[in-house]
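Because only heavy atoms are used, hydrogens play no part in the values below, and waters and symmetry mates are left out as well, while side chains stay in. Labels below follow one simple rule: chain letters A, B, ... track the order of the sequence lines, proteins then strands, and each chain is numbered from 1.
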Amino acid sequence: MAFGKGNHLHLIDGSAFIFRAYHALPPLTRKSDGLPVGAVAGFCNLLWGELTHARKEAPTHIAVIFDAGSKTFRNEIYPAYKANRPELPEDLRPQFAFTRAATRAFNVPCIEVEGYEADDIIATLSRRATEAGGTVTIISSDKDLMQLVGDGVDMLDPMKNKRIGLDEVFEKFGVAPNRVVDVQSLAGDSVDNVPGAPGIGLKTAALLIQEYGDLDTLLARAGEIKQPKRREALVENAEQIRISRRLVQLEANMPLEVALDTLELKDPEPEVVMGFLNEMEFRTLTKRVAERLKIEAPTLEEAKGMHVQGAHEAAPVAVQLPFDHGAYECIRDMAALERWIARIDAVGHVAVDTETTSLDEMRAELVGISLCVDAGKAAYIPLGHKQGGGDLFGSTALVESQIELEAALAALKPVLEDPSVLKIGQNMKYDWKIFARHGVRISPFDDTMLMSYAMHAGLNGHGMDALSEQYLGHPPIPIKSLLGSGKSQITFDRVAIDDAVKYAAEDADVTLRLWELFKPQLHRAQVTTVYETLERPLVPVLAEMEMAGIEVDKAVLSRMSNAFAQKLAQYEDEIQEIAGEKFNVGSPKQLGEVLFDRMGVPGGEKGKTGAYATGADILEDITTLEDSQPKAARLAAKVLDWRQISKLKSTYTDALQEAINPETGRVHTSYSIAGANTGRLASTDPNLQNIPVRTEEGRRIREAFVAPKGKVLVSLDYSQIELRILAHVADIPALQQAFRDGIDIHAMTASEMFNVPLDQMTSDIRRKAKAINFGVIYGISGFGLARNLRIPRAEAQGFIDRYFERFPGIKEYMAETVKFAQANGFVQTLFGRKIHTPEINAKGPGAGFAKRAAINAPIQGTAADVIRRAMIRMPAAIADLPARMLLQVHDELLFEVEAGAEPALIAAAKATMEGANLPAVDLKVPLTVEAGTGRNWAEAH
DNA sequence: GCTCTCACG
DNA sequence: GACGTACGTGAGAGCA
C-alpha cells in the first residue's frame, strides 16, 4: 500500500542518538575482546525505546537517518562550515559502523547519502511524506531541524520526551518555523561555524525579523535601521548573511532513491536481532528484547559458538523469564512456609519484601511478606488481610486461611537473622524497621536500591518501578491499581489476597532479578567499596536513629502557633490597609499585581508563567524605595514579615505537632540514603534538616526539640568541613596552614585578597571573603557573587580574579574537575563515590549547571562520606555510654544522653568524627568538631 | 501536578 | 557579544 493519508512517519536523527548515548554512558567495552561499545549499547537502548514506547500516535513508518561523512555540499559554499568541530573521541569512531548494523538488526531502514547531511534527508522525506498526505515526527532536539516544524511535521525531544511544535519553536527563535532560517542566518552559529552577522544574536535577529517580516525585506531596507551598530552589521555583511542562509537552509529536494512505503514499520526478525545483540554481548537488552518478542534468549556461549569452559558457564546465563503473575504462590499454612524456608536455607539467599498499611514505618502494621529465591518463582504470605467491603465501621475481622502473624515471624526469624543467608531487599531500611518492630533484626543483607545508587547516582532514580522498567524492561503493577487514590484510597490490609499475591510476589521477584543483574556490575563499576562501606552499613544505623526519634514538646509549639496566628491576622489587616484592597497575601500572583500593576512599582519582572516574581530579594529591594514609593516600601516590608511568620507557622509549628507519634510522643523522620546525588542524606516526613536557626524568631522553634527528663541533648558539628576539603583537594598550602593554625579562615582569605592585616580586619571585608569562599565551593560566577553580595558585577568579577591570583590552585582544581567530568561522565569523592554528570557535554545553559554541579559534587560528597563513616562507627564508639544518636544535619550529629554522661559522650563522639576519614584517606588539614549541650536543641546547637 | 517561595547545610 | 548563572535538599500554599 502506498504511503499516504493516515500514515505517520518517524524520522530518527541517528547521529544525535549516537552522541547522546556516547556521552551519557560510561566507556563500556565488550568483555571478550575490549571493543568499545558504550555508544552502541546506548544507541540500541534508545532505538529499542523508540520502537516499544507506548505513545498515542504510534508510527506506521520509521527510519533512522545518519550523516554519511563530514564533507557535504555546504563545504563548497563555505569551506569553514563545521570546521571547528572538536576531533571525534578515539573510542567513538569505530562504533559508527555498529550503529548502522544495529539499526538494520532491529529491522529499521537506515538512510545516509554522501554529500548531504542527515538533516537534508530528514527535510526531503518530511516534505514527501506530508505532500503524500501523511504526518511526520522527527525524533531529535536539534534546533537546525526546527525550520521543518508545521504542516503535519512536529518534533519530539527524546531526552525530555517533550513535543516540539509551533509554540516551542517560537519560544526558541522568537519567530514561526518558516522564518527560523532567517533568524539563524543573522545570528549565525558558533558550533557549526555559520558566520551570520557580527554582533547580532538570536534575540536581536528575532526582533529584526519580527519587524521587517523576512530576511530579504530586511536586507533590502537595512539602511532604515535606527541603531547604527545593527545597521552597519547588516549593510556591511549582506553577502555573508546570504551565505549563512544557504548553510542553514535545509535541502528538501535532494536526490533520494527511497520510496516512502519501504519504510513501513516491521517487527524485528528474532534471529537477526538476537544474533546482533549477542555478538555485542549486551546481556540486559538481549533479555529485554527476547522477553518482548516472546522467545528465549540464547545464552552468550551458544550464540558465539564459544568454547564452554566449565560446568558453571555451561548453565544458561540467567535467561530472563517473562513475568508470570499466575505462577506466584500464596503461602497459606505452616507446612508451605516450612518448605520455602528449607529452600531458602539450601540456596543461601532470598529476596524479601513487606506489605504494610502505611509508608510511615513507625505507624505501619505488617500485612504480609513476600519471598523470592529463583527469578520467576515468588510467594506471598498473607498475614493481616481484613475483610473489605461495606462495613461502615471498618471491620476488623481477619480473612480466613492466613498464617498467624506471630507464628510466621517466629518461623522466619532464624532465616532472617542467619549469618549464612543473604537477605535481599529494595530499600531495605523500610523492611528492616518493620521487622525490627517485631523483634527481628535482618542480617546480613543487600539492597538493590543502594547498589543502583552506588553505580548510577546522577543518572537515574533508584525506586523499584524505575529500576524494573529500565533494567528488566518490565513495569511492575502500580500500587494505585490496588489501593486507588485520593479520598477513596484503601490500605493494603483491605486488598483482596489474590490481588496482593500478584503485586507483592512480583516485587520480590523484581528485587531478586535486579540483584542478579547488579551484583556483578557493582564490581565492574568499581564501586563495591563505596557500597559496602558507605551505603549498606548505614541502613541499620539510620533505622535505629529513626526509630529513636526525638522528643518534641507539643505545648511549646502550640503556644507559638497561637502567637503566630495573631500576628498574621494583624499583618494581614495592615497590608490590606496599605494596599487599599483585600487580597490573598499568600498568593504571589495577587501580590505581584498589587505591587507592580496597581501601586506602580517599576521594574516588575514576569516569569515564564506570566506572574511577577515576588521573592524575598525583590521585596527587599522595594523596601528601599522609601522616597519614590513609600506605600509600596511599607507594604513590601510587612509582607516580608508576614511571610516569615507564615512559613514558621505552617511548615514548622503546625506541621510538627501533627508529626508527633501518639505512641512514642516523639517525632520520627525518615532519611533517604539514595535521595541526594552527592551522597548527602535527605530527611523527609518531616524534614528535620531544615529546622530554622538563622533568625532569632525561627531559632526558638528549636526550643521545642527537647531531651526527656534526666537527659540532655548534645550537638556536635564539623567546623568548616567543606572548605577544609577544598583546601585539601585543590591543594592550597596557605589555606591548609590556616586550618592547621586554627585561625579564622574567612578573615585570612580577606587579608590575602585585600591586603588588610588581620588585626585591622573589618566585618564587611570579612563578609565579602566569606561569600567568595562559599562561592568557590559552588562553582563561582561573577554574576552569582554580584547578586549574593549586591555589588556590581564587574566588582564581583574583580574579587574573583584576585582570589584566583592569590590561590591559583583553586582555578586549576575547577578546570581539572570539569575536564575529568567531560572525559568520564562522572566525578568522584576522595572515598571513591561516583557522581554522574550526564549533562556536562550538552550544549546550551544545561552545561553551565552541570559544570558547577561537577565542581561542587566532590567537595559536598566527600564531606557527606566523612560524616557517613562517622555515623557507621558511632554505635560501637558509644556502646558503653547511656546515649543514642538521634539526628544528622549534614555536618552535625545530635545525641540524647543521660545527664552527667555528656563529657564522656562528647569525648567519644568527637574522636570518632574527627578521625572518620582515617585510615582510608589522609587529609592535609585537620577535621575539627565543636560541641554544645543543653536541655533543648536551641541550647545545644 | 506544577510553580513559587523559603527553611536548612 | 550572545547565553544564563552560585551547590545540594523538602515542604506548604496557590492555582489551573
Could you check whether atom CD of A:Gln227 has more than 12 heavy atoms from other residues, nucleotides or ligands sitting under 6.0 Å from it? yes
Is A:Glu658 atom CD crowded by more than 12 heavy atoms from other residues, nucleotides or ligands, each under 6.0 Å away? no
Whom does C:dC7 pair with, Watson-Crick or G-U wobble, provided both distances fall under 3.5 Å? B:dG9
Looking at C:dG14, which nucleotide sits across from it as a Watson-Crick or G-U wobble partner, both distances under 3.5 angstrom, or is there none?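 Its partner is B:dC2.
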Provide, to the nearest angstrom, the distance between the [atom1] atom belonging to [X] and the [atom2] atom belonging to [N].
X: A:Phe774; N: B:dC8; atom1: CZ; atom2: P; value: 14 Å
X: A:Asn856; N: B:dG9; atom1: CG; atom2: P; value: 16 Å
X: A:Leu207; N: C:dA2; atom1: CG; atom2: P; value: 12 Å
X: A:Glu620; N: B:dT5; atom1: CD; atom2: P; value: 13 Å
X: A:His890; N: B:dA7; atom1: NE2; atom2: P; value: 16 Å
X: A:Tyr671; N: B:dC8; atom1: OH; atom2: C1'; value: 12 Å

Judged by each residue's nearest nucleotide on DNA chain C, which is more toward the 5′ side, A:Lys203 or A:Ala771?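 So the residue in question is A:Lys203.
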Criterion side-chain contact (heavy atoms from CB on, under 4.5 Å) on A:Leu887 and A:Tyr671, from CA distance to verdict: CA-CA 10 Å; A:Leu887 298 179; A:Tyr671 290 100; 3.6 Å; yes
Tell me what [X] touches on the nucleic acid: a base, only sugar-phosphate, or nothing, going by heavy atoms under 4.0 Å.
X: A:Val693; result: sugar-phosphate
X: A:Gly775; result: base
X: A:Thr614; result: sugar-phosphate
X: A:Ile780; result: base
X: A:Ala613; result: sugar-phosphate
X: A:Asp891; result: sugar-phosphate
X: A:Arg699; result: nothing

Looking only at side-chain N and O atoms, does [X] come under 4.0 Å of OP1 or OP2 in [N]?
X: A:Arg852; N: C:dA6; answer: no
X: A:Thr609; N: B:dC2; answer: no
X: A:Arg694; N: B:dC8; answer: yes
X: A:Arg680; N: B:dG9; answer: no

From the set B:dT5, C:dC7, B:dC6, return the single nucleotide nearest to any side-chain atom of A:Ala616. B:dC6
Nearest-neighbour nucleotide for the A:Phe783 side chain, B:dT5, B:dC8, C:dA6 considered: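 My answer, after comparing the listed nucleotides, is C:dA6.
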Is any NZ, NE, NH1 or NH2 atom of the basic residue among A:Lys567 and A:Asp641 found under 4.0 Å from an Asp or Glu carboxylate oxygen of the other? no
Assess whether a salt bridge exists between A:Glu696 and A:Arg699, defined as any Lys/Arg side-chain N lying under 4.0 Å from an Asp/Glu carboxylate O.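 Answer for the salt bridge query: yes.
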Whether A:Tyr612 and A:Phe596 hold their rings parallel, tilted or perpendicular, with breakpoints at 30° and 60°: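 Judged by the thresholds at 30° and 60°, the geometry between A:Tyr612 and A:Phe596 is tilted.
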Using the ring of each side chain (for Trp, its six-membered ring), is A:Phe820 parallel, tilted or perpendicular to A:Phe826, with breaks at 30° and 60°?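 Perpendicular.
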Between A:Ala565 and A:Lys649, what is the shortest heavy-atom contact and its length? CB-CE, 3.7 Å
So, is the end of the A:Arg802 side chain (NZ or CZ) under 6.0 Å from the ring centre of A:Phe804 and within 45° of the ring's axis?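 Negative - A:Arg802 is either too far from the ring of A:Phe804 or too far off its axis.
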Please list each protein N or O that sits under 3.5 Å from an N or O in nucleotides 14-16 of chain C, with the distance.
unit_1	atom_1	unit_2	atom_2	d
C:dG14	OP1	A:Asn584	ND2	3.3
C:dG14	O3'	A:Ser587	OG	3.3
C:dC15	OP1	A:Ser587	OG	2.4
C:dC15	OP1	A:Gln590	NE2	3.3

Please measure how far the P atom in B:dC2 lies from the corresponding atom in C:dA6, and state the result in whole Å. 22 Å
Quote, to the nearest angstrom, the P distance that separates B:dC4 from C:dG4. 16 Å
Expected rows: protein N/O vs nucleotides 9-12 of chain C N/O, under 3.5 Å:
unit_1	atom_1	unit_2	atom_2	d
C:dT9	OP1	A:Asn677	N	3.1
C:dG10	O4'	A:Asn687	ND2	3.0
C:dA11	OP1	A:Asp685	N	2.8

Mind checking the CZ-CG spacing from A:Phe705 to A:Leu894? Nearest 0.5 Å is all I need. 9.5 Å
Using the rule given for side-chain hydrogen bond (donor to acceptor under 3.5 Å, both in side chains), can you reason through A:Asp144 versus A:Gln184, listing the C-alpha separation, both sets of side-chain angles and the distance that settles it, and then say yes or no? CA-CA 9 Å; A:Asp144 295 338; A:Gln184 284 186 297; 3.0 Å; yes
